[in-house]
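Scroll down for the structure; my scribbles are underneath it.
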2 protein chains.
Amino acid sequence: MSKHALKLIPSSTEHADVPSDCKNCGAYHLCMSLWLKTGDSSLLERVVKKKQVFKRGEVLYRMGQPLEYIYVIRGGSVKTCVSTEDGEVQVMGFHTAGELLGLNAISNREHKCEARAMGVTSVCEVSVERFEELAKKDPAIQYEILKIMSAEIHHGQELLLLLGKHNAEERIAIFLLNLSRQFEKRHCSATEFTLCMSRSDIGNYLGIAEETVCRIFARFQDDGLISSEYRNVKLKDIKRLEQIANQRPLRQTNVASLYS
Amino acid sequence: MSKHALKLIPSSTEHADVPSDCKNCGAYHLCMSLWLKTGDSSLLERVVKKKQVFKRGEVLYRMGQPLEYIYVIRGGSVKTCVSTEDGEVQVMGFHTAGELLGLNAISNREHKCEARAMGVTSVCEVSVERFEELAKKDPAIQYEILKIMSAEIHHGQELLLLLGKHNAEERIAIFLLNLSRQFEKRHCSATEFTLCMSRSDIGNYLGIAEETVCRIFARFQDDGLISSEYRNVKLKDIKRLEQIANQRPLRQTNVASLYS
DNA sequence: CGTCGCGTTGAACCCATTCAAACGAGGTGG
DNA sequence: CCACCTCGTTTGAATGGGTTCAACGCGACG
């Protein structure tokens with residue numbers, strides 16, 4: 001509990017209620033680059049259909065639902081996950097202020113994952129039809145769409161690398177460092193922050209059991225790498241965390257096999 | 001070695017040499033839907049810059065390289081993989097005739113993964129500039145781009161689910177069944193086919209050790225689920241394979257936690 | 001106050017990895 | 001032709017990391 005506190009959580013909870021002015025919105029910069037390249041700032045009001053607030057646990061959209069809106073997160077946090085017919089669930093990502101949700105469904109107009117608010121979350125709903133009208137007229141917007149989908153592919157690749165090639169300790173180190181960088185980008189403290197997701201969600205996301213997450217958090221704390229109580233985390237030795245994240249003491253992969 | 005053989009490997013090796021006629025190309029249908037919506041069939045020749053053949057192990061493009069061409073696979077097989085600075089590699093996917101490669105780099109014009117031929121592989125190189133010119137004029141092509149990127153995201157999600165929520169046995173069962181479906185789509189035998197990738201590649205792709213792949217192949221064979229010698233695989237009991245693929249005897253995931 | 005969700009810790013088990021060794025196929029060169 | 005090498009594959013034995021099951025503390029909430 002530092003007194004000279006930087007923000008421990010990003011712009012989310014401060015104005016989880018609908019902000020009257022977009023300039024306070026976590027998605028402000030994103031929106032500007034998206035719509036306002038057209039030079040018409042009133043456009044924004046015409047495109048954004050509805051501003052809406054979701055409470056903790058509420059669903060923005062489900063798998064299989066037709067794509068109606070694209071969501072811009074103003075504040076709060078959302079998790080996306082896919083599930084199979086037999087009930088297993090995989091958390092795909094955690095999303096906070098400034099991110100766009102729903103774009104990956106734009107091709108077949110059907111959501112391929114589910115989005116659920118993890119805390120009180122404020123979003124802008126953008127009509128897909130309106131959005132596509134704009135995109136058709138403005139190549140810059142098309143380009144933004146590509147960039148976002150591309151980023152999503154890239155994030156998926158990183159997660160894949162995480163699940164395929166790292167043990168539990170490394171996964172959590174990488175996870176914490178990624179969070180740290182994200183917070184830094186949002187001008188929050190990179191070393192002290194509050195997680196918006198449960199241990200269970202972290203475990204699911206990283207492909208390890210909830211208990212393992214706890215244990216490794218405890219181990220990291222014992223080793224002086226971090227200090228954590230519940231969802232408050234403080235990174236105390238980023239150097240060593242990075243060392244763990246990048247260590248590869250595994251069997252040296254047969255380089256020759258790359259050429260097969 | 002059945003005498004009344006269906007094709008065990010798709011159109012690949014048969015015309016790994018450059019086919020003079022696009023109608024023999026594995027990517028024929030894809031190309032038609034991509035370019036010929038414009039109604040101008042000579043367009044195809046103007047856009048496709050070069051037809052090229054890669055030998056086993058040769059690289060189409062590396063991570064970090066500027067995006068110059070998009071590749072349409074005519075025949076053969078290609079694996080894409082990402083790697084980190086410290087030398088670990090994760091196979092992202094196996095690609096065969098009819099697939100497009102390189103599109104996910106279209107936003108920042110820099111390849112985010114590496115593509116390497118697994119056997120003799122024939123491709124069409126398509127100039128990105130030319131391609132984008134076309135895309136700008138034709139919304140249908142933009143839509144195709146979105147569809148392909150969307151499919152890539154979807155495939156990534158499935159792989160993520162595989163790595164995060166399934167044990168080795170299930171992963172291989174799912175892998176084999178996916179292959180089976182792919183072959184079926186290409187009008188090859190769905191039950192008897194030849195793998196184009198090594199055990200090592202399979203293991204890397206599925207996030208398990210090479211030896212584990214061998215062992216499970218052996219176990220499946222002992223149990224009469226498949227018969228396999230080297231890269232020739234025959235699925236003998238798809239029902240039970242599907243049963244393994246969909247079984248979830250794991251701890252029942254706390255459904256309530258979904259709502260957090 | 002009792003319940004529920006979340007977090008934590010302990011102990012036993014087991015699946016997958018790791019290390020090691022060996023085999024067959026294919027290629028090369030003597 | 002055979003010796004030799006490499007690469008991909010296979011199998012065994014031992015180890016360990018992570019899961020699983022269980023129990024408990026804690027705070028929020030009705």
Side-chain angles (χ1 to χ4, degrees), chain A residues 55-57 79 88 118-119 162-173 194-204 206-222 226-233 244 247-260, chain B residues 55-57 79 88 118-119 162-173 194-204 206-222 226-233 244 247-260:
Chain A
K55 290 202 293 287
R56 166 194 174 87
K79 67 175 172 186
E88 44 190 331
M118 290 192 295
L162 198 73
L163 295 187
K165 297 280 163 294
H166 291 274
N167 63 22
E169 207 171 37
E170 292 159 3
R171 293 182 199 190
I172 292 195
T194 300
L195 305 175
C196 57
M197 70 292 280
S198 69
R199 298 286 192 268
S200 169
D201 281 337
I202 296 175
N204 187 306
L206 298 178
I208 53 185
E210 181 181 354
E211 295 93 329
T212 307
V213 178
C214 280
R215 271 183 258 272
I216 291 178
F217 267 70
R219 198 189 310 162
F220 280 178
Q221 181 153 25
D222 289 347
I226 67 172
S227 71
S228 80
E229 55 167 8
Y230 300 98
R231 300 199 178 179
N232 302 313
V233 178
I244 292 176
Q247 92 194 163
R248 285 290 71 209
L250 299 182
R251 169 157 53 162
Q252 61 220 27
T253 49
N254 188 357
V255 178
S257 79
L258 290 180
Y259 296 89
S260 74
Chain B
K55 291 202 291 287
R56 166 195 174 86
K79 68 176 172 184
E88 44 190 331
M118 290 191 295
L162 199 72
L163 295 188
K165 297 280 163 294
H166 292 275
N167 63 22
E169 206 171 38
E170 291 160 2
R171 294 183 199 189
I172 292 193
T194 299
L195 304 176
C196 57
M197 71 293 280
S198 68
R199 299 285 192 270
S200 169
D201 280 336
I202 296 175
N204 186 306
L206 298 178
I208 53 186
E210 180 181 356
E211 295 92 329
T212 307
V213 177
C214 281
R215 271 183 257 271
I216 292 178
F217 267 70
R219 198 189 309 162
F220 280 177
Q221 181 153 24
D222 290 348
I226 67 172
S227 71
S228 80
E229 56 167 9
Y230 302 97
R231 301 199 177 178
N232 302 312
V233 178
I244 292 177
Q247 93 193 160
R248 287 290 69 209
L250 299 183
R251 168 159 51 165
Q252 61 220 26
T253 47
N254 189 357
V255 178
S257 78
L258 290 179
Y259 295 88
S260 73

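Protein chains get the first letters and strands the later ones, always in sequence-line order, with residue 1 at the start of each. Quick caveat: nothing in here was measured; it's all calculated off a predicted structure.
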Separation of D:dT9 atom P from B:Asn204 atom CG, nearest Å, is 13 Å
Are any non-hydrogen side-chain atoms of A:Arg219 and A:Asp222 less than 4.5 angstrom apart? no
Rounded interatomic separation in angstrom, taking CZ from B:Phe217 and P from D:dG8: 16 Å
Separation between CG of A:Leu195 and CE of A:Met118, rounded to the nearest 0.5 Å: 9.5 Å
OP1 or OP2 of C:dC6 under 4.0 Å from side-chain N/O of A:Arg231: no
Whether the side chain of B:Arg171 engages the backbone of B:His166 through a donor-acceptor N/O pair (distance < 3.5 Å, no angle test) should be reported. yes
Pair B:Val213-B:Glu210, side chain to side chain contact (heavy atoms under 4.5 Å, CB included): steps then yes or no: CA-CA 5 Å; B:Val213 177; B:Glu210 180 181 356; 5.6 Å; no
Under 4.0 Å, counting only non-hydrogen atoms across every strand here, what does B:Gly203 touch: a base, just sugar-phosphate, or nothing? nothing
Send over the distance from A:Arg219 CZ to C:dG7 P, rounded to a whole Å. 19 Å
Roughly how many Å is it from CE in A:Met197 to P in C:dG5, rounded to a whole number? 21 Å
What nucleotide, of C:dC6, D:dT20, D:dG8, holds the atom closest to the side chain of B:Ser198? D:dG8
What is the separation between atom OH on B:Tyr230 and atom P on C:dG24, rounded to the nearest whole Å? 8 Å
To the closest 0.5 Å, what do you measure between CD1 (B:Ile172) and CG (B:Leu162)? 10.0 Å
What's the CD1-P distance between A:Ile244 and D:dG17, to the nearest Å? 14 Å
Yes or no on side chain to side chain contact (heavy atoms under 4.5 Å, CB included) for A:Leu206 and A:Thr212, after CA distance, side-chain angles and deciding distance? CA-CA 11 Å; A:Leu206 298 178; A:Thr212 307; over 6 Å; no
Over how many whole Å does the gap from B:Arg171 atom CZ to C:dT17 atom C1' extend? 13 Å
Would you check if the side chain of B:Arg199 reaches a backbone N or O of B:Arg231 as a donor-acceptor pair within less than 3.5 Å? no
Name the pairs: protein N/O against N/O of nucleotides 11-16 of chain D, kept only if under 3.5 Å.
residue	atom	partner	partner atom	Å
D:dG12	N7	B:Arg215	NH1	3.0
D:dG12	O6	B:Arg215	NH2	3.3

Rounded to whole angstroms, how far apart are NE2 on B:His166 and C1' on C:dC15? 16 Å
